[in-house]
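Each remark here refers to the structure printed beneath this line.
Everything quoted here is computed from the prediction, not taken from an experiment. Labels below follow one simple rule: chain letters A, B, ... track the order of the sequence lines, proteins then strands, and each chain is numbered from 1.
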There are 2 protein chains.
Amino acid sequence: MAVRKDPRPCSIADALAVVGEKYSLLVLREACLGNGRFDQLVRNIGAPRDILATRLRRLVDAGILTKHAYSERPPRFEYRPTEAGLELEPVLMALKDWGDRHVRGGADLPMTVRHSCGSELVPRVTCQACGEPVRHEDLTAHAEAPGWTVAGPTAA
Amino acid sequence: MAVRKDPRPCSIADALAVVGEKYSLLVLREACLGNGRFDQLVRNIGAPRDILATRLRRLVDAGILTKHAYSERPPRFEYRPTEAGLELEPVLMALKDWGDRHVRGGADLPMTVRHSCGSELVPRVTCQACGEPVRHEDLTAHAEAPGWTVAGPTAA
DNA sequence: CGGGATGGGTTTGAATTCCCAACCGACCGG
DNA sequence: CCGGTCGGTTGGGAATTCAAACCCATCCCG
């Protein structure tokens with residue numbers, strides 16, 4: 001799915017080139033949940049088996065999953081998130097939050113996540129420096145490489 | 001791209017069904033940057049025009065973009081993020097951060113974003129309740145709807 | 001030992017998408 | 001009138017995806 005001719009050098013595009021293909025993030029969801037076996041992935045995601053096999057190869061190659069043998073004889077594997085994969089989990093949580101609020105009505109959430117602090121997780125993307133939530137109107141983009149021109153005063 | 005037979009009710013899957021198709025999040029990136037005109041999108045994203053047209057229709061239908069006329073005679077349009085679209089921008093930032101750190105080496109970032117607090121934005125996904133960064137080992141998933149079974153003690 | 005189930009895939013052929021290039025209509029500028 | 005811009009649409013071939021079937025080694029059961 002690698003965006004063929006992305007004219008802009010951009011880490012968002014780079015990230016999507018790795019995890020932006022169909023099912024990839026759902027595979028990571030399941031891997032993070034501990035459901036990393038091939039047939040679990042097939043059942044829980046509903047992806048065709050061949051597609052799943054290619055995604056898994058790609059995610060392993062990209063260093064997001066590792067293929068871990070949980071049994072020799074017969075050889076059986078489980079796909080587990082690497083450190084890089086685990087660091088993608090907050091993105092997944094932020095996406096889940098957005099989906100909770102904007103796609104699903106906001107009520108009757110199919111699944112919740114509890115944080116170790118004791119309360120139910122409500123993920124917020126914040127600025128590390130000041131701790132404030134990241135809001136569009138507080139952002140300004142700056143080009144560091146050629147290819148970037150920004151029209152308005154808005155930022156991404 | 002709606003995942004055809006997603007066996008799990010999941011807000012992540014729901015969100016991806018809307019913005020998970022190829023180019024969709026890059027379109028939103030450009031819209032947030034203020035580069036919302038059709039030919040700007042074509043140039044900056046590098047997507048085929050017909051695909052872009054389909055994505056735009058879908059994003060407008062989903063309430064993520066609006067088609068705003070910036071000129072009558074000749075009729076010219078600009079796609080702008082709605083409130084829901086703007087609320088997806090933090091996810092984009094979190095994704096950019098991951099890409100910065102894991103796909104790109106970590107150095108020579110093509111673009112940076114400044115936060116209104118004065119420092120360069122380093123987005124962190126935090127727990128709203130306690131303010132701590134969201135880390136995999138602090139999470140536990142809980143099923144609220146049928147379809148959910150989690151294998152390990154891990155969580156997503 | 002035979003017979004079925006399980007796990008982790010690969011193969012096949014049809015259906016769907018994507019991609020590219022060309023085209024179009026409305027307008028403007030010279 | 002002629003070229004250029006903008007915002008698309010159209011057509012046809014290339015690439016992906018899909019569903020279902022198949023494969024193969026290994027248990028499990030009797």
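Remark: P of dT17(D) and CD of E21(A) are 7 Å apart, rounded to the nearest angstrom. The CD-P distance, from E78(B) to dT5(D), rounds to 19 Å in whole Å. Remark: P of dC27(D) and OH of Y70(A) are 12 Å apart, rounded to the nearest angstrom. One atom, CG of L52(A), and another, P of dC18(D), lie 11 Å apart when rounded to the nearest Å. Atom CG in N44(B) sits roughly 13 Å away from atom P in dC6(D) (whole-Å rounding). As rounded to whole Å, 14 Å separates atom P of dC18(C) from atom CD1 of I45(B). What separates OH of Y23(A) from C1' of dT17(C) is a distance of 13 Å, to the nearest Å.
Contact between the side-chain N/O atoms of K22(B) and the OP1/OP2 oxygens of dC19(C) is found at a separation under 4.0 Å. The shortest distance between the side-chain N/O atoms of R55(B) and the OP1/OP2 oxygens of dC18(C) is below 4.0 Å.
With sequence neighbours left out, the salt bridge (charged side-chain N to carboxylate O under 4.0 Å, His left out) criterion links D50(A) to no other residue. Evaluation of the salt bridge (charged side-chain N to carboxylate O under 4.0 Å, His left out) rule for R114(A) yields no partner, not counting sequence neighbours. With sequence neighbours left out, R58(B) forms a salt bridge (charged side-chain N to carboxylate O under 4.0 Å, His left out) with E21(B).
Inspection of the H115(B) and E120(B) side chains reveals no N or O donor paired with an N or O acceptor under 3.5 Å. Between the side chains of E144(B) and T112(A), at least one donor N or O sits under 3.5 Å from an acceptor N or O.
The side-chain heavy atoms of W98(B) and V103(B), taken from C-beta on, include a pair separated by under 4.5 Å.
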Would you list the protein and nucleotides 26-30 of chain C atom pairs, both N or O, that sit under 3.5 Å from each other?
| unit_1 | atom_1 | unit_2 | atom_2 | d |
| --- | --- | --- | --- | --- |
| dC27(C) | OP1 | R73(B) | NH1 | 2.8 |
| dC27(C) | OP1 | R73(B) | NH2 | 2.9 |
| dC28(C) | OP1 | R73(B) | O | 3.4 |

Pick out the pairs of N or O atoms, protein on one side and nucleotides 8-12 of chain D on the other, that lie under 3.5 Å.
| unit_1 | atom_1 | unit_2 | atom_2 | d |
| --- | --- | --- | --- | --- |
| dG8(D) | OP1 | K67(B) | NZ | 3.0 |
| dG8(D) | OP2 | Y79(B) | OH | 2.9 |
| dG8(D) | N7 | R49(B) | NH1 | 2.1 |
| dG8(D) | O6 | R49(B) | NH1 | 3.3 |
| dT9(D) | OP1 | R57(B) | NH1 | 3.3 |
| dT9(D) | OP2 | R57(B) | NH1 | 3.2 |

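Nearest to the side-chain atoms of I51(A) among the listed nucleotides dC19(C), dG8(C), dT17(D) stands dT17(D).
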N/O donor to acceptor pairs below 3.5 angstrom from side-chain atoms of residues 59-72 of chain B, sequence neighbours left out:
| unit_1 | atom_1 | unit_2 | atom_2 | d |
| --- | --- | --- | --- | --- |
| T66(B) | OG1 | R80(B) | O | 3.4 |
| H68(B) | ND1 | R80(B) | NH2 | 3.3 |
| S71(B) | OG | P74(B) | O | 2.7 |

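We find that E89(B) and R29(B) are not joined by a salt bridge, their nearest charged nitrogen and carboxylate oxygen being 4.0 Å or further apart.
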Worksheet item: Do K96(B) and D14(A) pass the salt bridge (charged side-chain N to carboxylate O under 4.0 Å, His left out) test, and can you show the C-alpha distance, the side-chain angles, and the key distance before you say yes or no?
Response: CA-CA 8 Å; K96(B) 162 179 150 32; D14(A) 292 352; over 6 Å; no
